[in-house]
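We name chains A, B, ... by the order of the sequence lines, and we start the count at 1 in each one.
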Protein chains: 2
Amino acid sequence: MNALIDILRKNGIQPTPQRLEVAKFVLATQSHPTADQVLKEVLKRCPTVSRATVYNTLNLLVDKGLIASRTLKEGAVVFDPRTQRHHHLIDTETGIIHDIPWESVDVREPEICEGFEVEDYHVVLRGRKK
Amino acid sequence: MNALIDILRKNGIQPTPQRLEVAKFVLATQSHPTADQVLKEVLKRCPTVSRATVYNTLNLLVDKGLIASRTLKEGAVVFDPRTQRHHHLIDTETGIIHDIPWESVDVREPEICEGFEVEDYHVVLRGRKK
DNA sequence: CATGCAGTCTAGACTAGTTCTAAACTGGGA
DNA sequence: TCCCAGTTTAGAACTAGTCTAGACTGCATG
């Protein structure tokens with residue numbers, strides 16, 4: 001928990017009990033929660049936290065680069081503590097998002113986009129359990 | 001226009017003036033409009049059309065495979081009449097989505113996803129004008 | 001010890017995208 | 001002509017997310 005406080009401090013985020021609860025959950029999650037799922041989780045431990053605080057904290061963590069926000073699901077942004085480059089596989093039956101290691105997909109660095117400087121790219125796969 | 005009526009009929013969609021206006025615009029567009037942008041365009045020619053009809057028609061066209069709905073923009077689904085496989089480049093400054101031909105990016109068919117059958121995949125690139 | 005102040009938190013209002021609902025409309029058969 | 005299935009409409013409802021105004025916190029100062 002002290003480690004967590006340090007992480008926030010080092011990134012210029014003043015630690016508060018609410019922010020710690022949000023960070024604790026979202027930095028450790030193995031899934032890709034929406035803001036509402038984070039809120040539900042945090043409410044279990046901190047029943048008075050408000051939605052605004054959860055949204056503010058998530059946006060703060062994104063601004064500081066501690067988590068990433070991704071537009072993969074229809075209807076809601078999801079948050080992802082794995083900020084290194086990787087790909088995503090979306091289960092078309094359950095909607096669950098899985099991480100795919102960067103090296104698992106071989107993409108030839110695309111320089112093909114006339115007039116554009118590509119800053120980033122990743123592959124979005126869709127599939128279902130065999 | 002008769003060609004359009006045929007397309008709808010062949011796909012089991014009863015043609016109505018409202019549906020024809022929606023289809024005419026969304027099947028011919030070079031961009032990736034949101035439902036609201038389609039509504040605005042259709043209102044120019046058919047000022048009494050309702051939002052619900054535009055949404056219903058777009059969803060109908062998606063169900064029949066005549067257009068695709070894509071989750072690329074934060075906050076709103078976009079529609080795309082180009083249903084063949086291709087990639088997308090999102091301009092990080094303007095938010096404009098560009099199509100990238102399938103052959104322009106060389107992805108080694110990923111079979112790496114243990115336990116999953118990949119049905120589809122595409123590359124999402126982000127960049128800015130040089 | 002009181003005061004002030006910057007930063008934070010909360011509840012609830014607000015906005016935008018999308019779906020739902022109930023009632024009115026339309027147009028081809030019996 | 002009447003009916004019925006399918007369609008359209010306006011507006012309500014719902015959901016994700018942001019904004020706002022006021023209350024709270026805790027440190028620094030007099």
Side-chain angles (χ1 to χ4, degrees), chain A residues 4-5 8-9 11-26 31-64 67-80 95 97, chain B residues 4-5 8-9 11-26 31-64 67-80 95 97:
Chain A
L4 198 52
I5 293 178
L8 295 195
R9 285 230 177 88
N11 285 276
I13 301 175
Q14 190 168 315
T16 67
Q18 294 89 340
R19 287 173 176 177
L20 284 167
E21 284 302 334
V22 171
K24 190 164 94 181
F25 173 68
V26 80
S31 68
H32 298 75
T34 64
D36 242 53
Q37 288 167 338
V38 176
L39 173 61
K40 278 213 185 75
E41 196 59 34
V42 170
L43 278 175
K44 288 181 192 166
R45 288 149 197 204
C46 188
T48 67
V49 81
S50 76
R51 192 152 37 127
T53 297
V54 170
Y55 273 93
N56 287 340
T57 304
L58 288 170
N59 289 337
L60 206 49
L61 294 172
V62 170
D63 285 349
K64 301 299 183 180
I67 61 175
S69 75
R70 311 203 184 274
T71 307
L72 293 168
K73 249 198 181 94
E74 202 169 306
V77 166
V78 302
F79 296 92
D80 186 349
I97 300 166
Chain B
L4 198 52
I5 293 178
L8 295 195
R9 285 229 176 89
N11 284 277
I13 301 174
Q14 188 168 314
T16 67
Q18 294 90 337
R19 286 172 175 179
L20 284 168
E21 285 302 334
V22 171
K24 191 164 91 180
F25 174 68
V26 81
S31 68
H32 298 76
T34 64
D36 241 53
Q37 288 167 338
V38 176
L39 173 61
K40 277 212 186 75
E41 195 60 33
V42 170
L43 278 175
K44 288 182 193 168
R45 288 150 196 204
C46 189
T48 67
V49 81
S50 78
R51 205 193 338 255
T53 297
V54 169
Y55 274 93
N56 287 341
T57 304
L58 288 171
N59 289 337
L60 205 50
L61 294 172
V62 170
D63 284 349
K64 300 301 183 180
I67 62 176
S69 74
R70 310 202 184 274
T71 307
L72 293 169
K73 251 199 181 93
E74 202 169 307
V77 167
V78 301
F79 296 91
D80 186 348
I97 300 166

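Atom P of nucleotide D/dG17 and atom CD of A/Q37 are separated by 11 Å, given to the nearest angstrom. Between the NZ atom of B/K73 and the P atom of D/dG17 there is a distance of 17 Å, rounded to whole Å. Between B/L20 atom CG and D/dT8 atom P the separation is 10 Å, expressed in whole Å.
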Pairwise N/O distances under 3.5 Å, protein to nucleotides 3-7 of chain D:
from: D/dT7; atom 1: OP1; to: B/R19; atom 2: NH1; distance (Å): 2.9
from: D/dT7; atom 1: OP1; to: B/R19; atom 2: NH2; distance (Å): 3.4

Atom pairs, protein N/O to nucleotides 19-30 of chain C N/O, distance under 3.5 Å:
from: C/dT19; atom 1: OP2; to: B/N59; atom 2: ND2; distance (Å): 3.4

Filtered N/O pairs between nucleotides 24-26 of chain D and protein, under 3.5 Å:
none

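Shortest non-hydrogen contact noted between B/R19 and B/Q14 is NH1-O, 2.9 Å. Residues A/I97 and A/H32 come closest through the heavy atom pair O-ND1, 3.3 Å. Contact between B/C46 and B/Q18 at its shortest, heavy atoms only, is SG-CG, 4.4 Å. Between A/L61 and A/A23 the shortest heavy-atom distance is CD1-CA, 4.2 Å. Nearest heavy atom pair, residue A/A35 against residue A/V54, reads O-CG1, 4.0 Å.
Heavy atoms of B/T48 sit under 4.0 angstrom from primed sugar atoms or phosphate atoms, though from no base atom.
With rounding to the nearest 0.5 angstrom, the CG atom of B/L58 is 4.5 Å from the CZ atom of B/F79. Note: B/E74 CD to A/R70 CZ = 12.5 Å, rounded to the nearest 0.5 Å. Here CG of B/L39 is found 12.5 Å from CD of B/E21. Values are rounded to the nearest 0.5 Å. Rounded to the nearest 0.5 angstrom, A/N56 CG and A/D63 CG are separated by 10.5 Å. The structure places CG of B/L72 at 10.0 Å from CG of A/L72, a figure rounded to the nearest 0.5 Å. Atoms CZ and NZ, from A/F25 and A/K40 in turn, are 11.0 Å apart once rounded to the nearest 0.5 Å.
Each of B/T57 and A/V78 was matched to the nucleotide of DNA chain D holding its nearest heavy atom; the match closer to the 5' end belongs to B/T57. In terms of position along DNA chain D, the nucleotide closest to B/S50 lies nearer the 5' end than the nucleotide closest to the other residue of the pair A/G75 and B/S50.
Nearest nucleotide to the A/D36 side chain, out of D/dG17, D/dT9, D/dA16: D/dA16.
OP1 or OP2 of D/dT9 sits under 4.0 Å from a side-chain N or O of B/T53.
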